[in-house]
Amino acid sequence: MLAQRTGDAISFTRRDAIRLVSAAAVLVIALTAILGADILPARVTVQVGQLVPSDIRAPRALTFSSTILTEQARTKARAAVAPQYDYTAENGIIVAGAQAAALGAQVAPLETAFEATTTKEQRKAILAEAVPTLSSSERTILEALSPARWPVLRDEAARILDAAERAELRDSDVATTRASLAGRMAGGLSDDERTLAAALIAPLIVPNSSYSATLTDQERDRQAALVAPVTEQILQGEVIVRGGSKLSNTDLEKVQAFGLTEARPDFARLGGWFLLSSLLVGTLLAWIWRFRRDFWHRNNVMFLVGLLLVLATVALKVTAARLALPFILPLAAIGMLVTILLDVEIAVVLAGILAIIAGAVNGNSVELMSYVFLGCVAGAVAVRRGDRLQTFLQAGLVVFIVDALVVSTFSLLGERDLTGIVQLWAASALSAGGSAVAAVGSFAVLGNLFGILTVFQLLELANPSQPLLRRLLVETPGTYHHSIMVGNLAERAAEAIGADPLVTRVAAYYHDIGKLANPLAFIENQAGGENIHDELTPEVSAQILKQHVADGIDLAYKSKLPKTLIAFIPQHHGTAVISYFHARARGLAAAPYGGLSTPEGRQAADAIDIRRFRHVGPKPQTKEAALIMLADSVEASVRSLSSRDEASIRAMVSRIISERLEDGQFDECDLTLRDIERTREAFVAQLLGMYHTRIPYPQNKVVEIESRRAAGGAGGGSTRRE
């Protein structure tokens, strides 16, 4: 296979387990300690009625049932209950029947008086004795009543009495009911007749419903039981008792609900923070192990990610529930920094983790969660490489736009007024501006501190005035020119396949600095002088060539080059064979047997141990290292061509690439077949530009002829093998 992608199946080794446990333990403990810093709040000793010296704030969000407020609501419900009476429909019927019978007994003499057989004298005598409760005026009306009107009056009076007694008639309403009897009469009675009928039944109006203390208490208890417990919802950081005010019973209840009177540790809450920290840290480390193996084994990267996570958590915890303060935090700077120093994918993962923490410490605020996540992602996407100041300013503007849209969205969905929206817009501007300033002011420092290459460092290292490059130019001019050419080739290919062109170019400049230890051992620095390898065995020559890798690593460390660049020095040769000296050794071994054309010669040549002519590696681990390996070989090979037309260059480039592929040099990097083809075309295009044909000027031809004549006259045309 050409490339081993990070997403392929990977075994989880014991070393990985130890690394995971140690990193997770440190981060989980740190985050839990930060998030749970308020589990032991300050103890409140103020008594009810005393002045509270300072504001008492809620250490966390809490919803609890208020016993005092609930009892007040139930007392109010009891007071609202009207007095209860013992009336029932059955009792109304019974009372109505009894009073109807009483009415019948009362008017029985009158029935006799108004019979047709009764004489006037008899009627007058009966009426004088009947119904003693009537007044003189009512009795006069009775005596003047004709026998024909009596049944009508009697029946209407009986009807009204029955109606009054069947309905609920409270003892407190008897007098009112009696006074209204005449007005309730119907049946075409005259006013006098109504008055008489009312007088007849008035004494019979009795209550059928009496006040019941038992029923009243029962109803009050029932209404009180229907009152739901009154809950208090308090946000984290909310002032539950104002300083300078008297402590009331309700205030004390709130204080006690948070355990502030005893200051007990909230172990349940601490456990929640521990679980959240474990989930977040576990997710982060698992993602890095699974998808960023190159980061997983770099302590400086892991420490940087952990440090940024811890610092951001501290900032979020300190500003939690402080109105607009969480919105002012320049957290988008983390997205920018991680993108510049590492890559955008891990920046997005870290943004998601910070967003969860931001929401958790601010009362599970979805708005703040979205604000932090989208702001960090916007900064990561907009900052790109961060190679210019303008890029940071543009990223800050993008972050402001995204943050302003987030707060506007949630303001429209909620109840925030225009003033609140404008205030959060201002907070978004401060956050975005602070993020841009923090990122541009710290990424170079963090890069140096954690040994991570930054764009500015690379640009500085690419400056020809750098000490090592200056030494290459002065002491090994051939190697210097070769390194510049390799850098141009590799950079062009890196742009074609989406690798990092700046890292590739700068690494190419330094890949052969080991040749400074023995410049004349390399033909490009011999300037036409004697070739020392003519006097050495192939094995010794191969060892000298391999030594420049070790010398280069030593010199790079002494010169304090970034470790990322040092890694390219051994990888640019990988484990490739030093083919020239290997072929020379085979030829020398086969010479006594008639050369490679004879079976004995080939057998002697095959006995040569090829491992002595291989570089020690490792093979290229990245696309950039693979490109430098190819560019190094291609540049040297094409330089040796006598004809540099397109066909020759293309054939040489294809041969070099095929040899490296067949030798398995790209097995440990993620270079694909498509990348190989694009690299081939980029090399050919660049080499054609470097070795383009020029018009032969006449002056140049004269100089060439004269130099040949001079050489022939002085040395007799001796030859020398390079």
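Along the sequence shown, the residues carry numbers beginning at 1.
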- Item | Any side-chain donor near an acceptor of the partner, Asn299 and Arg19, under 3.5 Å | yes
- Query: Would you call Arg292 and Asp343 a salt bridge, using N to O less than 4.0 angstrom?
  - Reply: yes
- Task: Locate the shortest heavy-atom distance separating Phe581 from Ser541; write the atom from each residue and the value.
- Result: CE2-CB, 3.3 Å
- NZ/NE/NH1/NH2 to OD/OE distance under 4.0 Å, Arg680 and Glu677: yes
- Of all heavy-atom pairs between Ala521 and Ile532, which one has the smallest distance, and what is that distance? CA-CD1, 3.6 Å
- Which pair of non-hydrogen atoms, one from Gly574 and one from Met629, has the smallest distance, and what is that distance? N-CE, 3.5 Å
- Message: Main chain of Gly617, side chain of Gln571: is a donor-acceptor contact present, judged purely on distance under 3.5 Å?
- Response: no
- Message: Looking at every non-hydrogen atom in both residues, tell me the closest pair between Leu627 and Ala490 and how far apart they are.
- Response: CD1-O, 4.1 Å
- So does Arg678 pair up with Glu495, basic N to acidic O under 4.0 Å? no
- Query: Among pairs that include at least one residue of residues 602-622, which meet ring-ring contact (aromatic ring centres under 6.0 Å, His included), considering only residues two or more places apart or in two chains?
  - Reply: His573-His615, His582-Phe613
- Under 3.5 Å donor-acceptor, Glu624 side chain and Val503 backbone: no
- Message: Ignoring hydrogens and geometry beyond distance, is a side-chain donor-acceptor pair present between Arg660 and Ser633 at under 3.5 Å?
- Response: yes
- Per the side-chain hydrogen bond (donor to acceptor under 3.5 Å, both in side chains) rule, which among Arg611, Gln665, Lys619 passes with Thr575? Gln665
- Compute the ring centroids of Phe443 and Phe392, then answer whether they are less than 6.0 Å apart. yes
- Message: When you compare the side chains of Asn448 and Gln457, does any donor N or O come within less than 3.5 Å of an acceptor on the partner?
- Response: yes
- Message: Please give me the minimum heavy-atom distance between Leu661 and Phe666, naming the atom from each residue.
- Response: CD2-CD1, 3.6 Å
- Does any donor atom in the side chain of Thr504 or Glu491 lie under 3.5 Å from an acceptor atom in the other side chain? no
- Message: Donor-acceptor check, side chain of His572 to backbone of Ile569, threshold 3.5 angstrom: yes or no?
- Response: yes
- Using the ring-ring contact (aromatic ring centres under 6.0 Å, His included) rule, take Phe450 and Phe303 through it: C-alpha gap first, then chi angles, then the decisive distance, then the call. CA-CA 8 Å; Phe450 290 95; Phe303 187 74; 5.6 Å; yes
- Give a yes or no answer on whether the side chain of Lys546 reaches the backbone of Arg614 with a donor-acceptor pair at less than 3.5 Å. yes
- Return yes if a side-chain donor-acceptor contact under 3.5 Å exists between His548 and Asn518, otherwise no. no
- Query: Arg644 side chain to Arg639 main-chain N or O, any donor-acceptor pair under 3.5 Å?
  - Reply: yes
- Item | Pair Leu561-Ile513, side-chain contact (heavy atoms from CB on, under 4.5 Å): steps then yes or no | CA-CA 11 Å; Leu561 284 184; Ile513 59 174; 4.1 Å; yes
- Message: Whether the Glu635 and His482 side chains hold a donor-acceptor pair (N or O, under 3.5 Å, no angle test) is what I'd like checked.
- Response: yes
- Query: Quick one: do Asp551 and Lys515 make a salt bridge, cutoff under 4.0 Å?
  - Reply: no
- Message: Applying side-chain contact (heavy atoms from CB on, under 4.5 Å) to Leu354 and Leu309, what does each step give before you reach the verdict?
- Response: CA-CA 7 Å; Leu354 292 179; Leu309 177 60; 3.7 Å; yes
- Which atom names give the shortest non-hydrogen contact between Arg612 and Ala542, and what distance separates them? O-CB, 4.1 Å
- Query: Taking C-beta and beyond as the side chain, do Trp289 and Leu20 meet within less than 4.5 Å on heavy atoms?
  - Reply: no
- Is the backbone of Leu461 close enough, under 3.5 Å, to the side chain of Tyr510 for a donor and an acceptor to pair up by distance? yes
- May I ask you to decide if Val634's main-chain N or O and Ser637's side chain share a donor-acceptor pair within less than 3.5 Å? no
